[in-house]
Asker: 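One structure follows; several queries about it will come next.
Because the structure is a prediction, the values reported are computed rather than measured.
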Amino acid sequence: MNKLIIPIKVLLICFFVSFSLLAQTSQKSTFEEIHINSLDELMNLFEQHGYTNEAWQNGHREVPRITFDGVSEKWKQTSNHIPVKLKKKVFFRLMAPLVLMSNENILKERVIVKTAPLTSPQLKLIADKYRISTDKTGQINEKIRQELLKKVDIMPPSLALAQAAEESGWATSRFTEEGNAFFGQWDFSGKGMVPKHQRKELGNYGLARFDSPLASVEGYMLNINTTFAYAKLRTMRAELRKANKPITGLALANTLDKYSERGQAYIDSIQSMIRYNNLQQVDSAYLSNNILIKLIGDK
């Protein structure tokens with residue numbers, strides 16, 4: 001795990017930038033709340049939207065826009081009594097839309113970074129969000145634009161899904177249930193969720209809380225895209241883009257030796273999860289353009 005410290009100013013910037021992008025998306029989408037009271041109802045919903053194994057095997061990579069407010073205690077109980085294969089299927093199918101929506105918003109930011117005038121207020125907001133300083137005159141120049149392009153970029157869905165599964169215990173951890181913590185990000189603000197066995201040498205830390213699973217995914221991506229510990233990942237990603245090569249989870253996982261104290265063992269575990277669960281296929285997935293579905297379930 002690695003710490004995540006986001007100042008209030010950055011949180012506000014994230015909100016305004018995300019709200020602006022969400023407003024653009026909502027103009028094209030229909031919003032719908034659907035009450036889900038059982039696993040069968042959830043699987044039926046997936047089937048209605050062609051989100052099935054059969055469709056996937058036939059090369060259909062469209063993913064419905066699905067969000068949900070959090071993980072209930074009911075999921076932990078259910079997941080202990082269903083086949084592991086089904087538990088994984090549910091987890092990946094619910095998390096994949098969140099990853100793809102987060103990447104979608106990042107790509108919209110990336111377009112602004114590429115095309116906006118250097119004096120654009122939107123460009124300045126994005127620079128602040130990604131913790132890029134302006135020059136001595138308080139302006140953004142072309143060099144800063146290039147620095148931004150290195151940071152404002154996607155995470156491969158295969159990598160995000162594997163890390164979410166690893167860090168959240170397939171969404172069964174106490175921190176996931178209490179605070180939508182899917183990626184084990186640390187918080188030293190004093191407001192985090194305190195582990196039962198806190199390591200005193202690391203100070204007063206906790207696990208970062210998020211308002212929703214989607215916010216957790218967005219926080220994870222911002223963490224990867226701004227924290228010094230992941231500079232190697234951003235460099236490799238930029239090199240892949242420059243060479244017009246795919247940005248894959250298996251490739252970028254090699255740079256995550258700082259994400260966990262386990263170092264190389266953590267990298268091996270993440271890459272093994274990607275391969276074993278065929279998550280490479282999700283890197284070519286894309287979102288549907290119409291209905292935004294919010295799942296409402298029993299706590």
Asker: Do you see a donor-acceptor pair shorter than 3.5 Å between the side chains of Arg131 and Asn225?
Answerer: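 Short answer, no.
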Asker: Please check this pair: side chain of Arg110 against backbone of Leu149, looking for a donor-acceptor N/O pair closer than 3.5 Å.
Answerer: yes
Asker: Under the side chain to side chain donor-acceptor pair (under 3.5 Å) rule, what do Thr227 and Lys258 come out as? Steps first, then yes or no, please.
Answerer: CA-CA 11 Å; Thr227 304; Lys258 302 297 184 184; over 6 Å; no
Asker: Under 3.5 Å, is there a donor-acceptor pair between the Glu109 and Tyr130 side chains?
Answerer: yes
Asker: Could you tell me whether a side-chain N or O of Asp283 sits under 3.5 Å from a main-chain N or O of Ser158, the two making a donor and an acceptor?
Answerer: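 Judged by distance alone, yes, a pair lies under 3.5 Å.
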Asker: Between Asn254 and Ile267 (side chain of the first, backbone of the second, donor and acceptor by atom type, cut-off under 3.5 Å), is there such a pair?
Answerer: no
Asker: Pick out which of Ile126, Thr119, Leu123, Val113 makes a side-chain contact (heavy atoms from CB on, under 4.5 Å) with Ile140.
Answerer: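 The side-chain contact (heavy atoms from CB on, under 4.5 Å) with Ile140 is passed solely by Leu123 among Ile126, Thr119, Leu123, Val113.
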Asker: Under 4.5 Å between any side-chain heavy atoms of Arg262 and Ser269, yes or no?
Answerer: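 A side-chain contact exists here, since the closest heavy-atom pair is under 4.5 Å.
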Asker: For residues Ile144 and Gln139, report the shortest heavy-atom separation together with the two atoms involved.
Answerer: CD1-O, 3.7 Å
Asker: So, Ser79 side chain and Trp75 main chain: donor-acceptor pair closer than 3.5 Å or not?
Answerer: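 Side chain of Ser79 to backbone of Trp75: a pair is present.
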Asker: Compute the ring centroids of Trp170 and Phe92, then answer whether they are less than 6.0 Å apart.
Answerer: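 Judged by ring-centre distance (under 6.0 Å), Trp170 and Phe92 do meet the cut-off.
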Asker: How about Asp268 and Gln264: does a side-chain donor come under 3.5 Å of a side-chain acceptor?
Answerer: yes
Asker: Can you see whether Asp69 engages Ser212 through a side-chain donor-acceptor pair at a distance of less than 3.5 angstrom?
Answerer: no
Asker: Could you check Leu98, Ile293, Leu214, Asn180 and say which one makes a side-chain contact (heavy atoms from CB on, under 4.5 Å) with Phe68?
Answerer: Leu98
Asker: Quick check: does any side chain N or O of Glu167 sit under 3.5 Å from a backbone N or O of Gln163, one acting as donor and the other as acceptor?
Answerer: no
Asker: I'd like to know if the side chain of Arg65 and the backbone of Leu287 have a donor-acceptor N/O pair within less than 3.5 Å.
Answerer: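 No, because the side chain of Arg65 does not come within donor-acceptor range (under 3.5 Å) of the backbone of Leu287.
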Asker: Should the pair Tyr220 and Tyr259 be assigned to parallel (<30°), tilted (30 to 60°) or perpendicular (>60°) ring geometry?
Answerer: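 Rings of Tyr220 and Tyr259: perpendicular, over 60°.
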Asker: Are Glu104 and Tyr286 close enough that a side-chain donor and a side-chain acceptor fall under 3.5 Å?
Answerer: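 No, no side-chain donor-acceptor pair sits under 3.5 Å.
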Asker: Between Arg145 and Glu142, is there a side-chain N and carboxylate O pair less than 4.0 Å apart?
Answerer: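 Answer for the salt bridge query: yes.
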Asker: Output yes when a side-chain donor or acceptor of Lys74 lies under 3.5 Å from a complementary backbone atom of Asn37, and no otherwise.
Answerer: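 Looks like yes, one N/O pair under 3.5 Å.
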Asker: Same cluster or not: are Leu107 and Met221 linked, directly or through other Ile, Leu, Val, Met, Phe, Trp or Tyr residues, by side-chain heavy atoms under 4.5 angstrom apart?
Answerer: no
Asker: Is a side-chain N or O of Ser260 found less than 3.5 angstrom from the main chain of Tyr266, in a donor-acceptor match?
Answerer: no
Asker: Do NZ/NE/NH1/NH2 and the carboxylate oxygens of Arg234 and Asp153 come within less than 4.0 Å?
Answerer: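 No salt bridge links Arg234 with Asp153.
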Asker: Side chains of Lys87 and Thr78: donor-acceptor distance under 3.5 Å anywhere?
Answerer: no
Asker: Can you say whether the rings of Phe46 and Tyr51 are parallel (under 30°), tilted (30 to 60°) or perpendicular (over 60°)?
Answerer: perpendicular
Asker: Quick check against the 3.5 Å criterion: does Glu33 have a side-chain atom that pairs as donor or acceptor with the backbone of Lys294?
Answerer: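 Side chain of Glu33 to backbone of Lys294: no pair is present.
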